[in-house]
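See structure below.
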Amino acid sequence: MSGWMMVKSSGRQLLRRGYATVAAPERKVAVLGAAGGIGQPLALLMKLNPLVSKLALYDIANTPGVAADVGHVNTRSEVTGYMGEDQLGQALEGSDVVIIPAGVPRKPGMTRDDLFNINAGIVKGLCTAIAKYCPDALVNMISNPVNSTVPIAAEVFKKAGVYDEKKLFGVTTLDVVRAKTFYAGKANVPVADVNVPVVGGHAGITILPLFSQATPTANLSDEDIKALTKRTQDGGTEVVEAKAGKGSATLSMAYAGAIFADACLKGLNGVPDVVECSFVQSTITELPFFASKVRLGKNGVEEVMGLGALSDFEKEGLEALKPELKASIEKGIKFANQS
Ligand code: NAD
Ligand code: LMR
């Protein structure tokens with residue numbers, strides 16, 4: 001919570017920034033897939049977030065144990081575990097933010113699109129329930145393939161008559177986290193100071209880090225930029241291969257998911273100038289969904305920000321990613337409308 005501090009006064013949670021002190025609003029966050037590799041550490045990180053007053057942990061199995069465990073942490077939020085479809089409605093009711101890391105992860109040799117057949121159905125089911133029980137919630141989609149699961153969610157919400165493009169987000173924060181880490185290493189600058197926008201989508205070449213806009217600036221060669229770009233695009237695969245069949249990124253993803261959910265909560269609470277990259281409905285290219293910097297506010301997306309000046313290398317990357325991203329978006333839309 002940069003610049004903001006949680007303080008306690010007469011048992012009340014207050015937010016203080018400078019001299020201004022305001023009551024921290026009640027906020028419910030639901031995590032769907034909370035007993036999984038991402039779900040568990042993400043549940044812990046959300047339990048540590050003072051902006052959360054209620055934390056609902058939902059999964060098809062094992063949530064009572066996770067909720068009992070996380071619930072003993074002595075922070076603000078009240079934690080409840082929900083297990084099985086008949087408890088999904090209760091988990092969702094009243095949620096301000098719903099985070100979805102439900103679904104199967106990759107094994108070595110697979111692409112994110114290879115997860116489509118299983119995860120598309122899971123996401124569709126969960127979004128149908130969101131439309132019914134908490135249609136106003138901000139939805140943070142982590143389940144892969146994000147380039148397709150976000151369009152699926154949009155179609156489900158449209159069919160239910162509750163779609164608000166300002167409230168649906170594909171979580172691409174891990175790409176930003178990786179780009180920052182790799183850039184800091186190569187440029188030899190403090191990682192905490194680094195900013196790098198990552199645009200496009202969340203798979204292979206659709207992940208386009210804009211190192212020409214990275215700060216602090218550094219005099220990196222074209223070869224360095226090319227290698228950093230490739231490493232960011234292949235970051236997920238690097239983890240999948242290192243885990244050798246035991247799944248994909250979970251801990252770094254939980255960290256990234258917690259950063260993005262925190263940004264959503266800050267936006268809802270009226271904190272000014274909250275900007276994160278996310279895969280959202282967009283008109284900044286000809287594609288209907290695109291990841292870019294997004295300003296978050298009281299209603300979700302306040303502004304989808306433009307791409308800024310691109311290097312020739314980035315311009316080429318942008319054109320190269322469009323056919324794959326377009327196909328993934330169309331695949332999601334088709335699935336949602338066929339099944
Ligand atoms: P995991 O298998 O460890 O956990 C997934 C959890 O989802 C399990 O606990 C499972 O029981 C649960 N689940 C399955 N069907 C469900 C349903 N219908 N309702 C609720 N829960 C359900 O997998 P993981 O490593 O946590 O990864 C989860 C997803 O996140 C995968 O699709 C993975 O590819 C994706 N992921 C995305 C990013 C990103 O940057 N967006 C990063 C890492 C992983
Ligand atoms: C990631 O980027 O780590 C995730 O999308 C998981 C994966 O399959 O690579």
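As the structure lists them, so they are numbered: ligands from 1, and atoms in each ligand from 1. All values below were derived from every heavy atom in this structure, side-chain atoms included, with hydrogens, water molecules and symmetry-related copies excluded. The structure displayed is predicted, hence computed values, not measured ones. Starting from 1, each residue takes its place in the sequence as its number.
For ligand 2, none of its N or O atoms has an N or O atom of T237 under 3.5 Å away. Distances between N or O atoms of H202 and those of ligand 1 include at least one value under 3.5 Å. Among the atoms of N119, some N or O lies under 3.5 angstrom from an N or O of ligand 1. Checking only distances, V146 never comes within under 3.5 Å of ligand 1, N or O to N or O. Residue S143 has no nitrogen or oxygen atom sitting less than 3.5 Å from a nitrogen or oxygen atom of ligand 1, judged on distance alone. Annotation: V171 places an N or O atom under 3.5 Å from an N or O atom of ligand 1; distance criterion only.
Counting heavy atoms of neighbouring residues, nucleotides and ligands inside a 6.0 Å radius, atom NZ of K28 exceeds 12 of them. Annotation: D193, atom CG; neighbour count of heavy atoms from other residues, nucleotides and ligands within 6.0 Å is above 12. Counted within 6.0 Å of CG on N62, heavy atoms from surrounding residues, nucleotides or ligands total 12 or fewer; the atom is thus considered open.
Under 4.0 Å from ligand 1, not a single heavy atom of R112 appears. When non-hydrogen atoms are compared, ligand 1 lies under 4.0 Å from the side chain of I122 (C-beta onward) but not from its backbone. Residue contacts with ligand 1 for I142 involve both N, CA, C or O and side-chain atoms from C-beta outward (heavy atoms, distance under 4.0 Å). Using a 4.0 Å cut-off between heavy atoms, D175 makes no contact with ligand 1 at all. When heavy-atom distances to ligand 1 are checked against a 4.0 Å cut-off, N62 has no atom that comes that close, whether in backbone or side chain. Counting heavy atoms closer than 4.0 Å to ligand 1, residue L115 contributes side-chain atoms (C-beta onward) but none from N, CA, C or O.
Close contacts between ligand 1 and N144 involve ligand atoms 32 (O), 33 (C), 34 (O), 35 (C), 36 (N), 37 (C), 38 (C) [criterion: under 4.0 Å to a heavy atom].
In this structure, A61 does not count as a contact residue of ligand 1, since none of its heavy atoms falls inside 4.0 Å of the ligand.
Relative to atom 5 (C) of ligand 1, the option among G33, S248, A102, G103 with the closest non-hydrogen atom is G103. Here the shortest heavy-atom distance to atom 1 (C) of ligand 2, taken over K107, R178, M253, belongs to R178. When the options P145, G36, P105 are ranked by their closest heavy atom to atom 2 (O) of ligand 1, first place goes to P105.
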